[in-house]
Amino acid sequence: MDLIKESYQPKKIEKFVQKYWKKNNTFKTTEKKNKKKFYCLVMLPYPSGNLHMGHVRNYTIGDVIARYQRMLGKNVLHPMGWDAFGLPAEIAAIENKIHPEEWTKKNIEYMKEQLTKLGYSYDWSREINTSKPEYYKWEQWLFTVLYKKKLAYKKKSTVNWCPNDKTVLANEQVINNKCWRCNTSIQKKKIYQWFLKITKYANQLFNDLSLLKQWPEEVKKMQKNWIGKKKIIEITISLFNRNEKIQVYTKKINTIVEATHIIISKNHWISKKINNKNKENQININKIDINKYAIKTKELAIHPITKKKIPIWVVNFLKKNQNYKEINAIICSPNDSLEEFNFKKKDYVKIIQLIQNHKNNSIVLNKNKLSNLQESKKLSVKKNHLIILQELIKQKVIQTKTIFKIKDWGISRQRYWGTPIPMYKNKNGKIFSIPEQYLPIVLPKIKNTNKKNEKKIIFSEKNRKFLINGEEVQIEKDTFDTFIESSWYYARYTSPNFKKGMFDLQAAKYWLPIDQYIGGVEHATMHLIYLRFFHKLLRDMGLVDSDEPVKNLLCQGMVLSNAFYYIKKDGTIKWIPKELTIIKKDKNKKIKNYFLDNGQKIINAGMTKMSKSKKNGIDPKIMIEKYGADTIRLFIMFSAPVEASLEWNESGVIGSYRFIKKIWKIVQHYKKNKNNYINNINKTENDNSQEKIKQKVNLTIKKVTYDIHERKSFNTAISEIMKLVNELSKYKIKNQKEKSVFHQILLLIIKMMYPFIPHVCFVLWNSLTGRNNIDHASWPKKNFFEINEIINFKITIVIQVNSKIREKIKIKKETISEEKIIFLAKKSKKIKKYLKEKKIKKIIYIKNKLLNFVI
RNA sequence: GCGGAAGUGGCGGAAUUGGUAAACGCACCAGAUUUAGGAUCUGGCAUCGAAAGAUUUGCGAGUUCAAGUCUCGCCUUCCGUACCA
């Protein structure tokens, strides 16, 4: 089948090549001890029903890296699966009266077909579906282990409750404190829920970030701030005329000695006490705002060293500005910097002001007074104070404490479509974990009732009864947070059908850790912290032997597209797909206006994240039909750097399409002229063109390899290949020798483009070599061509006068010396003009680049 | 509010280490070719200016011989904010 004879027909080519891959199991992977492994993982998708451009971007990056690594001779694990539990399935189930399982299954089938059409090189034999009992059995098992290790516990916590729908709402389902379905005001309800003690690992999760050398700095920063490790000093301090003590905090030991004040939050028990007792004060406390900044309480604390009485103030910003539950009282002095508690400078300034003006019972902010704040005198620590201080530290009245922002992970969900929590209550109401032989606890069947007001899935209570050791018990109703499933799937991929445990230890040992993980930047904190947490849990159980699950992380930016809406009469917003808008250009102002058929004016909301609700999603299916998978893949990799957000604009796609056609045509042309190369080109002009293009090829390989391998800068890698193709398309073959060089360059370009556009490269490779083995080809090596004669291109030296470019001199590299360039520069007419009658103060010379006269 | 990131021609972007701003591509303009084009090829293209030249990387300062790049202040947009995934 020689497709090259025809014009480029992506559909035909892609179908043919995909069939070949499937038939030959090209991408099936097994553990090969003699080969270096490379685990390339993309974040598994939620089967929402259609693949969106964000997926396409994520998976194309993954596929490019996987194919590139294969070309380097690595044994590449590149799996795909489905994060199949979750809220949308349940919503769809209620709306369409279809079982979540059925809905999910259908979606998976459709999305899998789309992934196949995009030509991703997955080992489909390792496919995972997290909603299958074979999968979730093992996270149930893990949970029972964690429970026994006291890493899982139950406590009361708040949920959003819609009294009308009689269901718990996710945060996303609450809009302006109202239910998104029925607009009923939601209630806060406290119920018992399961938690995982991630705080026990907080210190490790924080410290081990330093091991992650190949993670983006921004992600590490975000995680650091999320975990929020902080060292503070805790002082237990007595209250005057009360038999009670409170804990107050500071960052510096000096503060304690110099302390003149304590500030507490509105939620501190002292504040609340005042609130309850004193009705007059109650009004004041609730009115603490920008105008009335702080209120003095009647309480006094006794300074542990000086024994002086120091006042306690309630301030309005303490709780607001930091997320440490511990810090609800701070001891301050005029000299300390409260910025260390993450307060804004203006807040800090206000506190100093507060301390200086504490004669008044409350402070009204006056901007003019802020200037004379610096005058506070420094106090020195007296000797006897120091001794008392040391004693207090010994008695642990004063001690350092490490605190964390991160909270324990609440994993209970009051939902149907999720992994059942493997716990039960016996007749006495005592809680136990379910023994391993009874696992998995599978989902109960849904009762066929749909009462009018109940917008949730009703399951049969009968199914909640279970026999354990002959005793009838009540099984936990709640299910797991779906983040649990996505926290260990990476390990399951190493042995997806393993029946004796979470995964086969040998396989995990071979494949883990993940060499390259790719996913959206929106997962920088939660998912990526849970994943790291689980890996450490698995390590401490002896199941994996590394500290961190991911070596190299790449976070791609969002795919955005234009969204349009209009405001309805009732004030609500109606989103409109772009296809329904009619564009009218205002010729004078060059502004585009959008309308509906009926003349309704449409507002352009600009570029926003593609979503169903905003109707601005681009369906890859239509794009594939129109241009083929290779073009989409190429475009999405070419049009923006991976970490930046990509604004979808179809007009650019044509460029990628043209580029593929260009390569196709060059090969086609070359094949047609197989035996009649051109003899009669004027030779003087192109004497060393062959050496030149060889040199260009070597440079291109170097740059493309560096861009893909080190920088993950695919857009510049592609542009570099484009430049080479442009040059090659102008290259004229004069003799047989040059023809062979041309042939080699063609193969090289095909190899370098293969990770991006594998289908067309497969066919082109076949037509030039007669073989179907591009999938096993190796990546081109540095110095591909041996160069006989190094051509010294002329280089340009920029001549500046006072840092402004005034002249450019072309020069041969070998003839360069600083003196000579200065000589040549001074000789130039333009430069002469500027240097005339001026003194040269300084001459700066940057080798091979630039000369600057400072006058 | 808090944490993170970004802002460069008409558009997507390039400039990897402070050293020629705008590579590569889209759109546009002109020409060639074709029965035709949403095909192909050649050339032009930051802005102002006839030219010399001047100006230009969100805004305002600063450091430096030299700033898109470093420092400080501000503005705008995007992502996350613990039950969307």
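In what follows, every chain begins at residue 1, and chains take the letters A, B, ... in the order their sequences are listed.
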With the side chain of A:A170 defined as its heavy atoms from C-beta on, choose the nearest nucleotide among B:A82, B:C83, B:G4.
B:C83
Considering only side-chain heavy atoms of A:R413, which listed nucleotide, B:C83, B:A85, B:A82, is closest?
B:C83
Using Watson-Crick and G-U wobble pairs with both distances under 3.5 Å, what is the 5'-to-3' dot-bracket string of RNA chain B, with [ ] for crossing pairs and | for pairs outside the strand?
(((((((..(((......[....))).(((((.......))))).(((....)))..(((((..]....))))))))))))....
Any base atoms under 4.0 Å from [X], or only sugar-phosphate, or nothing? Heavy atoms, all strands.
X      : value
A:P45  : nothing
A:Q223 : nothing
A:F483 : base
A:E218 : sugar-phosphate
A:W226 : base
A:V174 : nothing

Could you tell me how the ring of [X] sits relative to the ring of [Y]: parallel (under 30°), tilted (30 to 60°) or perpendicular (over 60°)?
X      : Y      : result
A:Y657 : A:Y8   : tilted
A:F635 : A:W648 : perpendicular
A:Y135 : A:W488 : parallel
A:H527 : A:F483 : parallel

Could I get a table of every N or O pair under 3.5 Å where one atom is in the protein and the other is in nucleotides 18-20 of chain B?
{"residue": "B:U20", "atom": "O2", "partner": "A:K808", "partner atom": "NZ", "Å": "3.0"}

Donor + acceptor pair across side chains of [X], [Y] (<3.5 Å):
X      : Y      : value
A:S713 : A:D707 : no
A:W194 : A:E476 : yes
A:K405 : A:N225 : no

With rounding to the closest Å, how many angstrom separate the [atom1] atoms on [N] and [M]?
N     : M     : atom1 : result
B:A22 : B:G3  : C1'   : 33 Å
B:C24 : B:C72 : C1'   : 36 Å
B:C84 : B:G1  : P     : 22 Å
B:G9  : B:U47 : C1'   : 9 Å

Nucleotide [N], atom [atom2] - distance to [atom1] of [X] in whole Å:
X      : N     : atom1 : atom2 : answer
A:N171 : B:A82 : CG    : C1'   : 8 Å
A:H523 : B:A82 : NE2   : P     : 15 Å
A:K188 : B:C83 : NZ    : P     : 11 Å
A:E807 : B:G53 : CD    : C1'   : 15 Å

Please round to the nearest 0.5 Å and tell me the distance separating atom CZ of A:R181 and atom CG of A:D165.
5.0 Å
Is a side-chain donor or acceptor of A:D83 paired with a backbone partner of A:E485 at a separation under 3.5 angstrom?
no
Between A:F480 and A:Y136, is a ring pair (Phe, Tyr, Trp, His ring centres under 6.0 Å) present by the stated rule, with each step listed?
CA-CA 10 Å; A:F480 280 150; A:Y136 66 70; 9.1 Å; no
SB check A:K197 A:D408 (cutoff 4.0 Å):
no
Is the closest basic N to carboxylate O distance between A:E218 and A:K221 below 4.0 Å?
no
A:S729 or A:K661, whichever maps to the more 5' nucleotide of RNA chain B
A:K661
Of A:D707 and A:K833, whose nearest nucleotide on RNA chain B comes first from the 5' end?
A:D707
Output one letter per nucleotide in nucleotides 24-29 of chain B: B when a protein non-hydrogen atom lies under 4.0 Å from the base, S when only the sugar-phosphate is that close, - when neither is.
BSSS--
Using only modelled atom types and a 3.5 angstrom limit, is any donor from either the side chain of [X] or the base of [N] paired with an acceptor on the other?
X      : N     : value
A:Q173 : B:C83 : no
A:K703 : B:U16 : yes
A:E90  : B:C84 : no

Based on the glycosidic angle (syn within 90° of 0, else anti), state the conformation of B:G62.
anti
Between A:R806 and B:A54, is there a side-chain N or O to OP1/OP2 distance below 4.0 Å?
yes
Could you write out each protein N or O paired with an N or O of nucleotides 45-51 of chain B at a distance under 3.5 Å?
none

So which of A:T479, A:D478, A:D481 actually passes side-chain hydrogen bond (donor to acceptor under 3.5 Å, both in side chains) with A:R413?
A:D481
Got a sec, which residues hit salt bridge (Lys or Arg N to Asp or Glu O under 4.0 Å) with A:E727, two or more places apart in sequence or on another chain?
none
Who are the salt bridge (Lys or Arg N to Asp or Glu O under 4.0 Å) partners of A:E625, not counting sequence neighbours?
A:K11
Would you mind reporting whether A:L87 and A:R415 have side-chain heavy atoms less than 4.5 Å apart?
yes
